[in-house]
**Student:** 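My questions will all concern the structure given below.
Chain naming here is simple, since letters A, B, ... match the order of the sequence lines and numbering starts at 1 in each. Atom set for the values below is all heavy atoms of this structure, side chains included, hydrogens, waters and symmetry mates excluded.
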Protein chains: 2
Amino acid sequence: MTSTDETTGTDGTRAGRPAGRPRSAKAEKAIIEATLDLIGESTSLAELSIEAIAARAGVGKTTIYRRWSSKEDLVVDALAVLKSPLPPLEEGPFRDWLVTYLEIMQREARDVRSRCVMNIAMNGYDRDPRLVERIRQVTIKPRQEALAALLRRGVETGELRADLDLPIAMAMVVGTVMWYVKSAGFGEGGQLSENVAERLADHIMAGLVPR
Amino acid sequence: MTSTDETTGTDGTRAGRPAGRPRSAKAEKAIIEATLDLIGESTSLAELSIEAIAARAGVGKTTIYRRWSSKEDLVVDALAVLKSPLPPLEEGPFRDWLVTYLEIMQREARDVRSRCVMNIAMNGYDRDPRLVERIRQVTIKPRQEALAALLRRGVETGELRADLDLPIAMAMVVGTVMWYVKSAGFGEGGQLSENVAERLADHIMAGLVPR
DNA sequence: GCGTTGCGAAACTTTGCCGTATCGAAAAAC
DNA sequence: GTTTTTCGATACGGCAAAGTTTCGCAACGC
């Protein structure tokens, strides 16, 4: 009405400050953190409640509703924080890149917050397809495409077999590391030896048969 | 609807019949079936509701509460039905057995009821460790051990590489087929070509590199 | 037929969350 | 100082889901 409602600045930098107490960046960060934690602990987004987030973040519900109008938006914003950068696809032997990828995936597979994405993306597909699609678009799809490009280039350079089945090869890479971390996590607290990625890459590339 | 409800006694225990209408074995079976179906569709046991089970089974809620005092008891009873037999480990080339195993796992991975075990075993570990452990004991563990024995024998006969990393190899077999079925299910309704197990076995054994 | 028990449907009760509103205090700009 | 906005906390009505009880009817032994 009187003031410009467009200037709802996300933070209290300079420029047209709307006057009044600025929004606490600390609270916002706490909300995001709590959201990620709680998503990691739950298996579906339906289980996630604003009240629980507010309680975990030590924040009033008002503070959440003032920033995000829906749970969906909050979840998307929170998951956007998880985007870990992917290394670009440049020159180099295939094996090195595979090890790099396995290293990243193996590290992410242990992180509760990254695992939650897997849970949601794989299990909640028919519950809220639209949201799941948004999440997959920003998290899984780029990795899938990067891996596919990596494998295709390996075939072109002759480092990989010419009759490679791309879906199967991708499932081999992703499925193996995921399952390995999962099953290893069952037994103990999760101490895996250092060169996991190297040994995984070795077995994936060379297979199970003798040389 | 006259006398179609065969209320044959659920058990053969003669002796002191409590008098009155006997419990319907048909209803009990329907409840178990509905429970298995719904567990398969859900990702956690908290999502499972007696009401949904009753509706799916075409049964009144009282009929369920009369038999099982808690949801947990019902789940345990229901999962006890799932025990599917494993083929014994006999003579034969490793590849044939691997194909057989992949065939079984690939088929089970599509079955809703088998998937539910995976969901619960992997996601609900810290929610109800006791129940999860019971489930793993009767479902996952025997398969794990069978696969481990299979791989070990392959190493002994020289069909597999001598420096095989058993946990990694197992993750390769299980993880690949699981992930492949999962990701294939994303794209389409799930029509996978006929020789999936063969092609999976090929890639797993030979790896990604050229011969 | 009679008493007893099981059956499914529907009503009742509880629970948990949502979204909003209100309150006193706090943090900035003026 | 005053003004304005946000802060955390709490309370409220509403709603939807799930557990519990009620009820009329059906099936069994006697």
Side-chain angles (χ1 to χ4, degrees), chain A residues 1-31 34-35 38-39 41-42 44-75 127-128, chain B residues 1-31 34-35 38-39 41-42 44-75:
Chain A
M1 321 207 178
T2 60
S3 61
T4 62
D5 50 9
E6 281 292 294
T7 59
T8 52
T10 56
D11 53 357
T13 56
R14 297 249 52 90
R17 177 85 82 85
R21 176 174 175 174
R23 292 190 178 175
S24 163
K26 199 166 103 183
E28 189 153 330
K29 185 172 174 55
I31 294 170
T35 303
L38 288 175
I39 293 180
E41 293 175 8
S42 61
S44 75
L45 293 178
E47 254 176 274
L48 192 67
S49 70
I50 301 288
E51 286 206 10
I53 295 175
R56 174 75 63 104
V59 147
K61 282 194 293 182
T62 326
T63 309
I64 298 181
Y65 282 111
R66 193 176 290 119
R67 294 155 202 269
W68 293 277
S69 55
S70 75
K71 187 165 68 180
E72 249 189 52
D73 292 344
L74 171 57
V75 168
R127 294 158 195 269
D128 195 341
Chain B
M1 51 190 68
T2 57
S3 65
T4 51
D5 186 10
E6 50 172 297
T7 58
T8 59
T10 60
D11 49 1
T13 61
R14 297 262 52 90
R17 175 85 86 81
R21 178 173 175 175
R23 294 187 176 176
S24 164
K26 199 163 110 186
E28 188 153 332
K29 184 171 175 55
I31 293 171
T35 303
L38 288 175
I39 293 180
E41 293 174 8
S42 60
S44 73
L45 294 179
E47 252 176 274
L48 192 67
S49 70
I50 302 290
E51 202 156 279
I53 295 175
R56 175 76 62 105
V59 147
K61 286 191 282 186
T62 37
T63 308
I64 298 181
Y65 284 111
R66 192 175 292 118
R67 292 166 158 78
W68 294 277
S69 56
S70 76
K71 191 161 63 179
E72 206 182 283
D73 292 344
L74 171 56
V75 168

**Student:** Output the distance between atom CZ (A:R23) and atom CZ (A:R67), rounded to the nearest 0.5 Å.
**Tutor:** 5.5 Å
**Student:** Once rounded to the nearest 0.5 Å, what's the spacing between atom CZ of A:R56 and atom CG of A:L38?
**Tutor:** 4.5 Å
**Student:** I want to confirm an ordering. Mapping B:Y65 and A:A27 to their closest nucleotides on DNA chain D, which one lands closer to the 5' end?
**Tutor:** A:A27
**Student:** How many angstroms lie between atom CG of B:L74 and atom CD1 of B:I53, to the nearest 0.5 angstrom?
**Tutor:** 5.0 Å
**Student:** In whole angstrom, give the distance that lies between atom NZ of B:K71 and atom C1' of D:dA17.
**Tutor:** 12 Å
**Student:** Between C:dT20 atom C1' and A:I50 atom CD1, what is the distance in whole Å?
**Tutor:** 14 Å
**Student:** Would you say a side-chain N or O of A:R66 is under 4.0 Å from OP1 or OP2 of C:dG19?
**Tutor:** no
**Student:** Looking at B:K71 and B:S49, would you say the former's side chain and the latter's main chain have a donor-acceptor pair under 3.5 Å?
**Tutor:** no
**Student:** Report yes if a donor N or O on one partner sits less than 3.5 Å from an acceptor N or O on the other, where the partners are the side chain of B:K61 and the base of D:dG19; otherwise report no.
**Tutor:** yes
**Student:** Can you check whether any acceptor in the base of D:dT6 is under 3.5 Å from a donor in the side chain of A:R21, or vice versa?
**Tutor:** yes
**Student:** May I have the distance from A:I53 (atom CD1) to C:dG16 (atom P), rounded to whole angstrom?
**Tutor:** 18 Å
**Student:** Any donor-acceptor pair under 3.5 Å linking the side chain of B:T63 with the backbone of B:V59?
**Tutor:** no
**Student:** Roughly, in whole Å, what's the span from CD1 in B:I31 to C1' in C:dG8?
**Tutor:** 11 Å
**Student:** Within less than 4.0 Å of OP1 or OP2 of D:dG8, is there a side-chain N or O belonging to A:T62?
**Tutor:** no
**Student:** Expressed in angstrom and rounded to an integer, what is the separation of A:W68 atom CH2 from C:dC18 atom C1'?
**Tutor:** 17 Å
**Student:** On DNA chain D, check which nucleotide each of A:A57 and A:E51 is closest to and give me the residue with the more 5' one.
**Tutor:** A:A57
**Student:** Calculate the interatomic distance between B:E72 atom CD and D:dG19 atom P; express it in whole Å.
**Tutor:** 14 Å
**Student:** Are A:R23 and D:dT6 close enough that a side-chain N or O sits under 4.0 Å from OP1 or OP2?
**Tutor:** yes
**Student:** Measure from CD1 on A:I64 to P on C:dC17 and round the result to the nearest Å.
**Tutor:** 13 Å
**Student:** Without decimals, in angstroms, what is the distance between B:R56 CZ and C:dG8 C1'?
**Tutor:** 18 Å
